[in-house]
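FYI, side chains are in, hydrogens and waters are out, and symmetry mates aren't considered; it's all heavy atoms of this structure.
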Amino acid sequence: MLYNDQALPMCTMDDQTPEMLSTDAQHVVDALQRLLDPAQHGQKAQLAAHCGVTPQAVSGWVRTGRISKTKIAKVAEFFSVPVSYLIPSAPTAPLITGDIETLYAFTVPPITTWEDLMRTRPITGVIRFRLADDALGDKLPRGTEVVMAADGSKPEPGQVILVEDAQGHLYVRRYAEGRNGKWQAIAGNPAYPNLDSVEDKLSLIAVIMWVNGKNL
């Protein structure tokens, strides 16, 4: 199984042979050799363009099976096959258009309780938890499962964000841009306060990725 953007573990690339590849890497090599049609001379270049890499990188995948989770999903998308066709250890699931949805079932971490999240510092990577209140209103009520990325991404206006104030309290709100670099964390429920990046000394912790398993 692949986590984050790490490539499949394997032996050093300088002297490896097919016999030396890890099980998952060998599956990737075998699957790519089946999927790539030698008669289609431009296919490798098309795959490279689809994945945002060079044809040389694709050749490296075919030779070593070493590929990141995001690229393996793009490969699956290109050939219209499930990720499990390339990596049998991945749970079997139908291919959903878009690599993020394809990866959801086997790349998101276990659910973290809100209490544990409050105790975790620093908060990094991908986090998965259930909303602890109704601050976002009826559309995202208490108990809604969300997955967020704490990777420094800048949110778009209206996106759900996780913020921390100067006292270390966490809040889930929607992002709103202000003037002179200021921004606000807006509640969708009037019973909960809006927060200001300067007045409340907010730090942006994470940006929404999924709600109840669905990509936003």
- [ ] Step by step, work out the side chain to side chain contact (heavy atoms under 4.5 Å, CB included) result for D196 and K182.
- [x] CA-CA 8 Å; D196 183 86; K182 294 176 61 176; 3.7 Å; yes
Task: Minimum side-chain heavy-atom gap Y192-V172 below 4.5 Å - done: no
Task: Under 3.5 Å side-chain donor-acceptor pair for E164 and H169 - done: no
TODO: Identify the residue among L47, I67, L32 that makes a side-chain contact (heavy atoms from CB on, under 4.5 Å) with V58.
DONE: L47
TODO: Please determine if R142 and D134 form a salt bridge, counting it only when a charged side-chain N lies under 4.0 Å from a carboxylate O.
DONE: yes
Task: K154 bridged to E177 by N-O distance under 4.0 Å - done: yes
- [ ] Could you pull out the closest heavy-atom pair between G52 and K71, with the gap in Å?
- [x] O-NZ, 4.4 Å
Task: Main-chain N/O of A149 paired with S153 side-chain donor or acceptor, under 3.5 Å - done: no
TODO: Applying side-chain contact (heavy atoms from CB on, under 4.5 Å) between D165 and each of L202, L170, L195, report the one that passes.
DONE: L202
- [ ] Run through I161, I205, I127 and flag the one making a side-chain contact (heavy atoms from CB on, under 4.5 Å) with M148.
- [x] I127
Open item on the list: Counting C-beta onward and ignoring hydrogens, is there a side-chain heavy-atom pair between K74 and F78 closer than 4.5 Å?
Closed with: no
TODO: Please check if L140 and L117 belong to a single hydrophobic cluster, counting links between Ile, Leu, Val, Met, Phe, Trp and Tyr side chain heavy atoms closer than 4.5 Å.
DONE: yes
- [ ] Go through V160 and L136 one step at a time and tell me if the side chain to side chain contact (heavy atoms under 4.5 Å, CB included) criterion holds.
- [x] CA-CA 9 Å; V160 175; L136 295 178; 3.9 Å; yes
Task: Validation row: F79, Q43 side chains within 4.5 angstrom (heavy atoms) - done: yes
Open item on the list: Hydrophobic clustering (ILVMFWY, side-chain heavy atoms < 4.5 Å, transitive) - are V163 and V146 grouped together?
Closed with: no
- [ ] Flag the pair Q184 / S197 as yes when at least one side-chain heavy-atom distance between them is below 4.5 Å, and no otherwise.
- [x] no
- [ ] Answer whether the closest heavy-atom distance between the side chains of W61 and V29 falls below 4.5 Å.
- [x] no
